[in-house]
Every structure is written in C-alpha cells, then in structure tokens.
Visitor: 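Quick one: the structure is below, questions incoming.
The model shown is predicted, which means the values in this text are computed figures rather than measured ones. Numbers restart at 1 for each chain; the letters A, B, ... are given by sequence-line order, proteins then strands. Atom set for the values below is all heavy atoms of this structure, side chains included, hydrogens, waters and symmetry mates excluded.
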2 protein chains.
Amino acid sequence: MSGSGVRGTVTMHDVAAAAGVSVKTVSNVVNDYPHIRPATREKVQKAIDELGYRMNLSARSLRQGRTGIIGLALPELSLPYFAELADSVIRAAEARGVVVLIEQTGADRQHELDVLTSDRRQLTDGLIFSPLELGPDDADALKVDYPLVVLGERIFGGDWDHVTMNNVDAARAATQHLIDQGRRRIAVIGAHAGETMGSAALRVLGYQAALAANGIPLDPSLIVEGGLWHRATGAECVDHLVSTGVEFDAIFGLNDALALGALHALHARGIAVPDPVAVIGFDDIEDAAYTSPTLSSISPGREQIAQEAVDLLLARIAGGGDPYRRVIADFTVVPRESTGG
Amino acid sequence: MSGSGVRGTVTMHDVAAAAGVSVKTVSNVVNDYPHIRPATREKVQKAIDELGYRMNLSARSLRQGRTGIIGLALPELSLPYFAELADSVIRAAEARGVVVLIEQTGADRQHELDVLTSDRRQLTDGLIFSPLELGPDDADALKVDYPLVVLGERIFGGDWDHVTMNNVDAARAATQHLIDQGRRRIAVIGAHAGETMGSAALRVLGYQAALAANGIPLDPSLIVEGGLWHRATGAECVDHLVSTGVEFDAIFGLNDALALGALHALHARGIAVPDPVAVIGFDDIEDAAYTSPTLSSISPGREQIAQEAVDLLLARIAGGGDPYRRVIADFTVVPRESTGG
DNA sequence: GGTAGGCTTTACATCGTTGCAAAGACGTCC
DNA sequence: GGACGTCTTTGCAACGATGTAAAGCCTACC
C-alpha cells in the first residue's frame, strides 16, 4: 500500500517530484515517447511503481479529446443474437485496448434517433450502431460528426462505414437447403409487409429467389407477417399458419428467435420436426444447438462482423479520410436435426 | 445546424459571450443552481439553444471526479442469464441517468481479479461485480477504494454492499416442487465439489434440505459435478448419469443452461420429459418458456436484483457512510411442462 | 438615510494531462 | 575551436468545466 493514499491522489506531479524530473518527462515515459534516456525512464518508472501512480483518464480525455470508449447501440441484450454480438464486440474491443458502452434502443425508432444525438456521444469516441427501425428516410439522422459504423441492412449510401452480410444470398441458401430436403411448401415467418430495405425484406427476396430457381410457385399465404423478431412472434406465426389451414412442410424463421418460437408452437400442437415440418432459422445463436430437435440455421459470421466493425471504427477514430467502406461478412448454412440433418 | 461547428467546439465560454454573462453563470444555469434571475436564465438558455451547446463531459469529470459511468463486470454476455441481467442493469441505470460499461471476465479467476484493479475503474464511478470464481480467500482483493456492489454468493462480510438471493431456500423449493410431483430419485447437475460458498454449494444444500425434510435418503451418485454452467455441461452431466446406470426420475439443473443441456441430452437419448424424467432449472431465462417441453425454473427476481444493485451503488457513490447492506431478492417457483406443470 | 442580510453574479484558481516551442546537452565535422 | 544537428528535457499554456470567496445589487428594517 506504499504511497497509495486516497483514490486518484497520486498525480504526475507527485511522480515527477519523486523522480526528480519534470512533469512532462513523466508524461513522455508513460506515453512511450522514444527519445528518453534509459536511466531517466528507469527512474520515472521506479517512482511510478513506488507511488502506485495511475493516470487520470478524465484529464487525458479532456486534453486529447478522446475517451478510449466506444459506444454500441443495439435493440436489447435479452435477444440472444444481440447478446452474442455484444459479447464479440466487447472481446474485439478489449483486444484493441478500448472499452464498450452499451445502449439499448428497445427497437424503438425515436430511441434509435435519440442515441445518435445523445449526450453520451460525448463519452464515446465513436459508435457501432445496429438499428432495427430506422429506414432510408432517416439517412439524414445518420449524418453525424463522429465516427460511425452501421450494422445491418436498413440504410445505405451515407458517410459512414457499413458492416453487413449478404442477406439475400444467405436466405436463398437457407431456402435451398429446405428444398434440397424435398420440401416444396415452405412457409416464411417474420416478414415485414411494405418494407423494401431491412433484413426482413432482403431475406424474403432470397426466399423467393430460391423458389423461382427451383421452379416452385410462390404462394403468398405462406409468407407470414411478424413485427418483432421475438420467440413469442414465432409461435404466433405458426398459430396463424395452422389456423388458416394452409398446407406447409417447412418453416423458414427469418431469425432464430422466430424459429425457436415456431418449434415451441409446433411441439405444442403435436406437429413433429423435421417430419412432417422442417424448420430452419437464421443467426445461429448458441441455443440453436441445444433445442429439441436442434435447430438448423444460417451462421452470419458474428465474430467477423464484430471484429470488422471495431476495426473500421477504430480506423475512423484514428483519422485518415479513407473512403467509407462496406464490409460483407461471410455466412454458412448449419444443418441440424430440424431439417433432418 | 446553426452554430454547430466542429464537434465539441462550442464551450461555455462561447455561450457566456453570446449571452453576455460570465462563464460561471452559464455553469450555474446548466446545473440548476437555484439563485438565478429568470431573465438571466432565459438569456443563457437561448444562447445555449442557438449555439447548440453540449457540455464537455470529460472536463466535468476532471473537475468533479465523477464520470457518470458505472461498471458492470460479469462472466459473459453469451450466457443468457447474464445477458438478461445486463439488460436489466442498463435499464435501471438509464432510468437513473447513468450509463453502463460492461466488462467480461470469462469466468476466469485472474480476469476477475484484474477487473477490480483495472485502469478502467478510473472511468467508472463504481462497480457492480458478479464473480464466479473468486472465493472467500479473495476477500482482500475486494477491499477497494471505490463504490462496489457484489452480486452472488461467493464472498461475504467485507466493506461493500451485497445483492443476492436466498439460494438455499430457492433450491429447496425447486427440489420440493419435484418431490411434490412424486419424484424420489432426483439428480442434481452442476455441483462444485469442495466448495462451501457459491451458488453451487448453497443450492446443493437446499436440495439436501428438501430431501431430508421429506425423508428421502441422499444418494451421492445423484449429485453430478459440472464446472462451467453452460448448456454443454448440462448435456455432459446427463450423459454421465446415464452411462453410470444410476436410476433417476428427475433432474435439478443448478441453472437453466445446465437444464437446457440436460433436456437436449435426454431428447437425444429418447428419454421423454417430464415422464419418465422431470427437469427443473434455475434462473428462469426467457428461453425456459420456449423449449420443448417448456422448462420449469426458479425466477430469481432479476429486475429487482438489478435495480437494488444500481440503487445501492448510486447511493454509495453519492456518499454518506451508511452501513453496508445486504439485500436478498425474492424468488418464485415457475412450474412448466418439464415438471408436468 | 444607513445598514444588515439575502439574492445574483463574477473573477480566479484549479482538476491532471499533453502539445508546443524552446532550451540544454552532447557529439561531430570542418 | 566553433558551428551545427540530434537527442533529451523542460516550462508554459492550454483542454472545458466547477468550487470558492468575494463583489455588486437589492430589499427591508430601524
């Protein structure tokens, strides 16, 4: 405990005094300024160790205009996909020496807008933003004066970096996988009517493309609306399908939560999976490997998305007016029991 | 965009100049100092609005020694219980005007120790800490000079506030629930041999108490070790049970992830739930309501825990040398299909 | 009319760090 | 021997806010 008085009490001044050098020299040592005589560096380091000096980060932030914190805005952590994404982002950030401040928007449009202009942006050097409700009309709101990386498919073409995946291709692959298992009456759950951007719209496009490529007619009654992609919604969609009496031999949940809800509802009605009804999800959350039956899904390259997002953001924070980039992460189909895999 | 130049460019000085008052008066207005003439307040507010002034939080932090950020250290967000806990903590914090910096310890002892002394503690006004690996021997490490609220059951009796639940009673209730369904050969999965503190030990105690209260003999072969409370561990525990040939008609997973893994393994072996084997978990994560069959569990009052933790922490940050408190959250048994409910 | 005392406002120093520019130290080269 | 260039170190002035203490302004009361 030598020298460690009240918290934050030891300043560079104290270290400088103890080491017999100027404050600036201490600063230089701490910041690895190259031109320091080894003997000096040693003296200073010794004083630092003895006094237990810790740099005051607020002071440094004030001086440098940087906090070392990045923001991550997402709908909510209780959605497993976003929890896992946050996990990956935090790990990636930690590996690069920054920390993460998480803000939940609750998938509320106004809240998503607020996050962009919140006072908290002061605390962060940049923001990784995963909007669910903003649309192309809100592009102006994204014209912010701090580094921004946008995740997802809702808004394009602005002055920011973008990390996304090929939703159309991935959904096509998911659908093709079902077709390969001999399914022809494939329901999609979680569609968003009227949208042309966003994961829902793009994934439905992929679904339609796969059907077309296989000469399977599109039956609109197999496309079920579902606003929030929660488990409960998935169950409701299945209830809807069953109650309308449509025939179907497979379900494509536009995300895993929907698919989990679907599994639940099918089970409750005594409909077995994968026969007569196969199910595939999207996101490949951890749960998918532990449901009964296990859930086939699309793995969106979560780690890759997180790392790319953090890298892009940090590069932007570091400066350099590189052109804004759009990174497309890889996906893979993960077959499990729910599609007979 | 009037007046909003480069980010952070508008300072109190600018506002003061525009309003024709001193910088301190601007500060007073911003901080709701009571003795300000309405006319002055109005002038200043007008200047603030026109210039788009935002307070520089780094400067305020430096001056006040507070950042408005609280830390939350937990094992990992990809464990649903902790994701949901983080969700609740962030909401509670937001309602009280502070933000949350999340650090993952990966359930690694050294990492848990590091978090307590990390440079990042400089950025936070206090810490909510949910250790998994620290034990009573590490109590000294928790003697920190910043506000600390500890969650869980691993360490007691130090100078910090504590939010926990009655693990023994809750586990007893879970076990009693199984007994009430006529079960007598109840396996417990996820036990930690040799521990006397911690959720595992306490929950096993509750389990034993329930057996004793019902005159059911304790069979050690029904207590299965399992270090990390992940889904995979739960599956392994069941595999172990089955392979040793022990007879059992119920499984008590010491948390829901274990129970989910157990459901998975039982399903894979064609053993139905709840008959012949009933399953109950602990934590009542969202998933529990959507598994097939749905999973009975113990709801630990997550919201309450989060709110109490944030309140205690903020009270401690605000000062006042109140005696350290220990809050015990309420729990409820949530019966679902996996126990025949 | 003078003054005590409360309400408003202000100037200044300060929080702990880093950028800047310049000073000092030292060796080299002509 | 002196000028020059490089390596080290330094003092000072910021960064943008707030605490302190004091000054100015009123009102009220004697």
Visitor: What does B:Asn31 touch in the nucleic acid at a heavy-atom separation under 4.0 angstrom: a base, only the sugar-phosphate, or nothing?
Guide: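 The answer is sugar-phosphate, as B:Asn31 gets under 4.0 Å only of primed atoms, P, OP1 or OP2.
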Visitor: In whole angstroms, how far is the P atom of D:dG16 from the CE atom of B:Met12?
Guide: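 In whole Å, D:dG16 P and B:Met12 CE are 12 Å from each other.
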Visitor: Among D:dA17, C:dG16, C:dT18, which nucleotide has an atom closest to any side-chain atom of A:Gln64?
Guide: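 Side chain of A:Gln64 sits closest to C:dT18.
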Visitor: Taking CZ from A:Arg37 and C1' from C:dG27, how many angstroms apart are they, rounded to a whole number?
Guide: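 It is 13 Å, rounded to the nearest whole Å.
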Visitor: Do you know which of B:Val100, B:Thr124, B:Val149 makes side chain to side chain contact (heavy atoms under 4.5 Å, CB included) with B:Leu72?
Guide: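 Result: among B:Val100, B:Thr124, B:Val149, B:Val100 is the only option passing the side chain to side chain contact (heavy atoms under 4.5 Å, CB included) with B:Leu72.
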Visitor: Please pick, from C:dC7, D:dT9, D:dA17, the nucleotide with the shortest atom-to-atom distance to any side-chain atom of B:Thr11.
Guide: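 The answer is D:dA17.
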Visitor: Look at all strands and tell whether B:Ser58 reaches a base, only sugar-phosphate, or nothing, counting heavy atoms closer than 4.0 Å.
Guide: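 Answer is nothing: B:Ser58 stays at 4.0 Å or more from every strand.
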Visitor: Nearest whole angstrom, please: distance from the P of D:dG16 to the CG of B:Leu57.
Guide: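 Distance check: B:Leu57 CG to D:dG16 P gives 13 Å.
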Visitor: Reckon B:Arg60 has a side-chain N or O less than 4.0 Å from the OP1 or OP2 of D:dT18?
Guide: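 Affirmative; the distance criterion is met.
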Visitor: Side chain of A:Arg63, base of C:dT17: donor and acceptor closer than 3.5 Å?
Guide: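 No pair found.
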Visitor: Nearest nucleotide by nearest heavy atom, which residue falls closer to the 5' end of DNA chain D, A:Pro34 or A:Leu62?
Guide: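 With A:Leu62 and A:Pro34 compared, the 5'-side residue is A:Pro34.
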Visitor: Distance check needed: D:dA17 P versus B:Ile48 CD1, whole Å only.
Guide: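 Rounding to the nearest Å, CD1 of B:Ile48 and P of D:dA17 are 10 Å apart.
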Visitor: Check every strand shown and say whether B:Ser61 touches a base, only sugar-phosphate, or nothing at a heavy-atom separation below 4.0 Å.
Guide: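 B:Ser61: no heavy atom of the nucleic acid under 4.0 Å.
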Visitor: Would you please confirm or rule out a distance under 4.0 Å between OP1 or OP2 of D:dT10 and any side-chain N or O of A:Thr25?
Guide: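 A:Thr25 to D:dT10 OP1/OP2: side-chain N or O found under 4.0 Å.
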Visitor: Is any NZ, NE, NH1 or NH2 atom of the basic residue among A:Arg302 and A:Asp87 found under 4.0 Å from an Asp or Glu carboxylate oxygen of the other?
Guide: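 A:Asp87 and A:Arg302: not salt-bridged.
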Visitor: Respond yes when some side-chain nitrogen or oxygen of A:Ser27 is under 4.0 Å from OP1 or OP2 of C:dT18, and no when none is.
Guide: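 For A:Ser27, the contact criterion (side-chain N or O under 4.0 Å from OP1 or OP2 of C:dT18) is met.
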Visitor: In sequence, state the C-alpha distance, the side-chain angles, and the governing distance for B:Lys46 and B:Asp49, and then conclude on salt bridge (Lys or Arg N to Asp or Glu O under 4.0 Å).
Guide: CA-CA 5 Å; B:Lys46 180 154 165 282; B:Asp49 294 342; over 6 Å; no
Visitor: Rounding to an integer number of Å, can you tell me how far B:His13 NE2 sits from C:dA11 C1'?
Guide: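 Rounding to the nearest Å, NE2 of B:His13 and C1' of C:dA11 are 11 Å apart.
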Visitor: Rounded to whole angstrom units, what separation is found between the CD1 atom of A:Ile36 and the P atom of C:dA25?
Guide: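 About 18 Å, once rounded to whole Å.
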Visitor: A:Arg66 CZ to D:dC15 C1': how many Å, rounded?
Guide: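 Interatomic distance, CZ of A:Arg66 to C1' of D:dC15: 15 Å.
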Visitor: Heavy atoms under 4.0 Å, any strand shown: does A:Tyr53 hit a base, just sugar-phosphate, or nothing?
Guide: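 Sugar-phosphate: the residue A:Tyr53, judged by heavy atoms under 4.0 Å, touches backbone atoms but no base.
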Visitor: For the side chain of B:Lys24, counting heavy atoms from C-beta on, which of C:dT18, D:dT20, C:dT9 is nearest?
Guide: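 Out of C:dT18, D:dT20, C:dT9, the nucleotide with an atom closest to B:Lys24's side chain is D:dT20.
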Visitor: Does the side chain of A:Leu127 come within less than 4.5 Å of A:Leu116's, by heavy atoms?
Guide: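 A:Leu116 reaches A:Leu127 side chain to side chain.
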Visitor: Regarding A:Val21, tell me which of base, sugar-phosphate or nothing describes its non-hydrogen contacts under 4.0 Å with the strands shown.
Guide: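 Result for A:Val21 = sugar-phosphate.
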Visitor: Do A:Arg54 and B:Asp119 sit within salt-bridge range, that is, some charged N less than 4.0 Å from a carboxylate O?
Guide: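 The answer is yes: the pair qualifies as a salt bridge.
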Visitor: Quick check for you: among D:dG16, C:dT17, D:dT9, whose closest atom lies nearest to any side-chain atom of B:Asn56?
Guide: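 Side chain of B:Asn56 sits closest to D:dG16.
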Visitor: Looking at D:dA17, C:dT17, C:dT9, which one has an atom nearest to any side-chain atom of B:Met55?
Guide: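 Given the options D:dA17, C:dT17, C:dT9, the side chain of B:Met55 is closest to D:dA17.
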Visitor: Hey, is A:Glu303 close enough to A:Arg91 for a salt bridge, meaning N to O under 4.0 Å?
Guide: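 A salt bridge is absent here (no side-chain N lies under 4.0 Å from a carboxylate O).
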Visitor: In whole angstrom, what separates B:His35's NE2 from C:dG5's P?
Guide: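 Value for this atom pair: 17 Å.
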Visitor: For B:Arg41 and B:Ala59, take the nucleotide of DNA chain C holding the closest heavy atom to each; which residue's nucleotide lies nearer the 5' end?
Guide: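 Going by which nucleotide is closer to the 5' end, it is B:Arg41.
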